Amino acid sequence: MAMDKEVRKKILRKIPYGLYVLGLRDGDKFHAMVGSWLSQCSFEPPLLMLGIKKGSYSHTMLEHNASFTINFPSKD
């Protein structure tokens, strides 16, 4: 039996999400994107994972240069 769409929407809204700003640099090109799929995926070694759409401008920049920043905006 499929879950009612309204019930599913209410449940999914209870999942806590953060918003992050990913800063990228490729040579003299700078770019920033807002992301919400960031999670710790390993303690040893300490690793994070971040969801970025394959083929997007941000993904292409990351393929050319592994340098980036993850920024946590304040509530203010």
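Just so we're clear, the structure is a prediction, and the values are computed from it rather than from any experiment. Every heavy atom of this structure was used, including side-chain atoms; hydrogens, water molecules and symmetry mates were not.
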Item to complete: Would you check if the side chain of Asn65 reaches a backbone N or O of Arg25 as a donor-acceptor pair within less than 3.5 Å?
Response: yes
Practice prompt. Taking Asp26 for its side chain and Met61 for its backbone only, find out whether a donor-acceptor pair lies under 3.5 Å.
Written response: no
Worksheet item: Are side-chain heavy atoms of Leu22 and Asn71 found at a separation under 4.5 Å?
Response: no
Fill in: Side-chain touch Ser58/Leu24, heavy atoms, less than 4.5 angstrom
yes
Worksheet entry | Rounded distance (nearest 0.5 Å) linking atom CG of Leu50 with atom OH of Tyr20 | 9.5 Å
Worksheet item: Is there a path from Phe68 to Val21 through hydrophobic residues (I, L, V, M, F, W, Y) whose side chains come within less than 4.5 Å of each other?
Response: no
Worksheet item: Linking I/L/V/M/F/W/Y whenever any side-chain heavy atoms sit under 4.5 Å apart, do Tyr57 and Met33 land together?
Response: yes
Fill in: Point-to-point distance, once rounded to the nearest 0.5 Å, from NZ of Lys54 to CG of Leu62
13.5 Å
Fill in: Heavy-atom side-chain contact between Leu48 and Ile70 under 4.5 Å
yes
Worksheet item: Do other residues, nucleotides or ligands put more than 12 heavy atoms under 6.0 Å from the CZ atom of Phe30?
Response: yes
Discussion item. Are Leu38 and Phe72 packed together at the side-chain level, in the sense that at least one heavy-atom pair is separated by less than 4.5 angstrom?
Written reply: yes
Practice prompt. Quick one: closest heavy-atom pair of Gly55 and Thr60, and the distance?
Written response: O-OG1, 4.1 Å
